[in-house]
Amino acid sequence: MKIGTLEHRDLFCRRFVESHVAFEPELLPWPQLEGELLARLRSFPFWSYARTIERRAGLMVTAFAQTLADPVIRHAVALQGYEETLHARIMQHVLDRYGIEAVELDLPPAPATRESFLVFGFGECRDSFLGFGAFALAEQAEYFPRALLTVFERVLLEEARHITFFVNWFRYEEARAGRDNFFARAFIEARALLDATLQTTFNDRPQELAAPGAGAPEDLAKFFPGLTPARFLEIALDANRRFMRGADPRL
């Protein structure tokens, strides 16, 4: 299969759509939490930010889908927008169910442009990699009950699908534009990832995440004593392989 062909497009769009699993957040098997376990869940500092980012992503991706001329890609991107919105609903349900106080954040909306989708997509690749590692840490340390981790694992598996779809969409678009070579891709990828990092650092980072403890690998040591950056990288790489192994090898 050659990257940039209609065969490539049909494969990465079809795999994404066919692997969608419909569910309602309220009907997932949420466990009863109390005492120390509930306090641990409430102590995480990212709830407001995560909910707002997912809501904004859902709006932007859904709107971006409507700008696409290719009906096959448009349908797949629209489905991703629905799933991003669904993740925001999951966050809201967690807050409501477990009595977590989280202020509404006023983050600027992201325009429905190709550039915004690029920055969002590469930022999601970065954030998911860190999220896979943090999940594996919590799993190994039995920081939360298995029942709760199983619910959140569903979200991470969807993020792995998003990454696979996004990277293939990017490669397809670049190939169609005649830019599918290593150096051209590396420049665009580095710029988009830098923009995503600067956006998070200076524009999107709310006060609750402005200090240490905001979720960077070194900050996780607050919750997992003895964790080093090298050890986190090792765990995150292993977790990344685990969550991505369900992808079609051709993609």
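This is a predicted model, so every value here is computed, not measured.
- Checking F117, F12, F122, F16 one by one against W169, the ring-ring contact (aromatic ring centres under 6.0 Å, His included) holds for a single residue, F117.
- A salt bridge is absent between E173 and R176: the closest approach of a Lys/Arg side-chain nitrogen to an acidic carboxylate oxygen does not fall below 4.0 angstrom.
- To the nearest 0.5 angstrom, Y172 atom OH is 9.0 Å from H8 atom NE2.
- Tracing side-chain contacts under 4.5 Å through hydrophobic residues (I, L, V, M, F, W, Y), one never reaches F165 starting from V72; they form parts of separate clusters.
- The minimum heavy-atom distance linking R51 with V103 is given by the pair NH2-O, 3.1 Å.
- Connection of V21 to L79 is not established within any shared hydrophobic cluster, with ILVMFWY side chains joined at heavy-atom distances below 4.5 Å, either directly or through further cluster members.
- Take R146 and apply the side-chain hydrogen bond (donor to acceptor under 3.5 Å, both in side chains) test, not counting sequence neighbours, and it matches E139, T150, E153.
- When side chains are defined from C-beta on, V94 does not count as touching V151, because their heavy atoms never get closer than 4.5 Å.
- Within 6.0 Å of CD on E18 lie more than 12 heavy atoms contributed by other residues, nucleotides or ligands.
- The shortest distance between side-chain heavy atoms of R15 and S19 does not fall below 4.5 Å.
- Side-chain contact between D195 and E115 is present, with heavy atoms from C-beta onward closer than 4.5 Å.
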**Request:** Applying ring-ring contact (aromatic ring centres under 6.0 Å, His included), run through F144 and F152 and close with a yes or a no.
**Result:** CA-CA 11 Å; F144 293 117; F152 282 118; 7.8 Å; no
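- Contact check on R97 versus E26 returns no salt bridge, with no Lys/Arg side-chain nitrogen under 4.0 Å from an Asp/Glu carboxylate oxygen.
- Here the closest heavy-atom approach between residue L156 and residue G131 is recorded as CD1-O, 4.3 Å.
- When side chains are defined from C-beta on, R55 does not count as touching M91, because their heavy atoms never get closer than 4.5 Å.
- The two atoms that bring A57 and F120 nearest to each other are CB-CE1, 3.5 Å, heavy atoms only.
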**Prompt:** Are F243 and F135 close enough, and set up right, to give a side chain to side chain contact (heavy atoms under 4.5 Å, CB included), and what steps lead you there?
**Reply:** CA-CA 11 Å; F243 280 101; F135 179 88; 3.8 Å; yes
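- Within the 4.5 Å cutoff, the side chain of K2 has no heavy atoms near those of the E7 side chain.
- R179 places no side-chain N or O within 3.5 Å of a backbone atom of E174 that could act as its donor or acceptor partner.
- Taking both residues in full, the closest heavy atoms of A78 and A65 are given as N-CB, 3.5 Å, listed atom of the first, atom of the second, then distance.
- E158 CD to E83 CD: the interatomic distance, rounded to the nearest 0.5 Å, is 4.0 Å.
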**R171/R185 under side chain to side chain contact (heavy atoms under 4.5 Å, CB included): CA gap, chis, key distance, verdict** = CA-CA 8 Å; R171 290 292 304 276; R185 289 200 315 272; 3.2 Å; yes
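- F129 and V119 fall into different hydrophobic clusters, defined by Ile, Leu, Val, Met, Phe, Trp and Tyr side-chain heavy atoms under 4.5 Å apart, directly or through other members.
- If you chain together hydrophobic residues whose side chains sit under 4.5 Å apart, V17 and L6 fall into the same group.
- Proximity of a side-chain donor or acceptor of R40 to a complementary backbone N or O of Y143 within less than 3.5 Å is detected.
- Atom CZ of F23 has more than 12 heavy atoms from other residues, nucleotides or ligands within 6.0 Å.
- Taking NE2 of H87 as the start and CZ of R154 as the end, the distance is 10.0 Å to the nearest 0.5 Å.
- The minimum heavy-atom distance between I188 and L118, with the atom names listed, is CG2-CD1, 4.4 Å.
- A donor-acceptor contact shorter than 3.5 Å links the side chain of W30 to the backbone of P25.
- The 12-atom threshold is exceeded at NE2 of H20, counting heavy atoms of other residues, nucleotides or ligands nearer than 6.0 Å.
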**Message:** Checking E54 against I90 for the side chain to side chain contact (heavy atoms under 4.5 Å, CB included) test, could you report, in this order, the C-alpha distance in whole Å, the side-chain angles of both residues, the deciding distance, and whether it holds?
**Reply:** CA-CA 10 Å; E54 294 287 5; I90 290 175; over 6 Å; no
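- Between E101 and R42 no salt bridge is recorded (no basic side-chain N to carboxylate O distance below 4.0 Å).
- A donor-acceptor contact shorter than 3.5 Å is absent between the side chain of T62 and the backbone of L59.
- Of the possible polar contacts, one joining the N168 side chain to the T164 backbone as a donor-acceptor pair under 3.5 Å is found.
- Looking at R74, its side chain does come within 3.5 Å of a backbone N or O of L68 through a donor-acceptor pair.
- Taken to the nearest 0.5 Å, the NE2 atom of H162 stands 5.0 Å off from the CD atom of E84.
- Note on ring orientation: taking the six-membered ring where Trp is involved, the planes of F166 and F170 are parallel (angle under 30°, cut-offs 30° and 60°).
- Remark: side-chain polar atoms of T85 are paired, donor with acceptor, to backbone N or O of G81 under 3.5 angstrom.
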**Request:** Could you walk me through whether L237 and F132 pass side chain to side chain contact (heavy atoms under 4.5 Å, CB included), step by step?
**Result:** CA-CA 9 Å; L237 285 169; F132 295 159; over 6 Å; no
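- We find the CD1-CG distance between I73 and D10 to be 9.5 Å, quoted to the nearest 0.5 Å.
- Side-chain heavy atoms closer than 4.5 Å link hydrophobic residues (I, L, V, M, F, W, Y) into clusters, and following such links, even through other members, never connects F187 to I3.
- Between the CD1 atom in I235 and the CZ atom in R242 there is a gap of 12.0 Å [rounded to 0.5 Å].
- Across all non-hydrogen atoms, the minimal contact from G4 to A175 is CA-CB, 3.7 Å.
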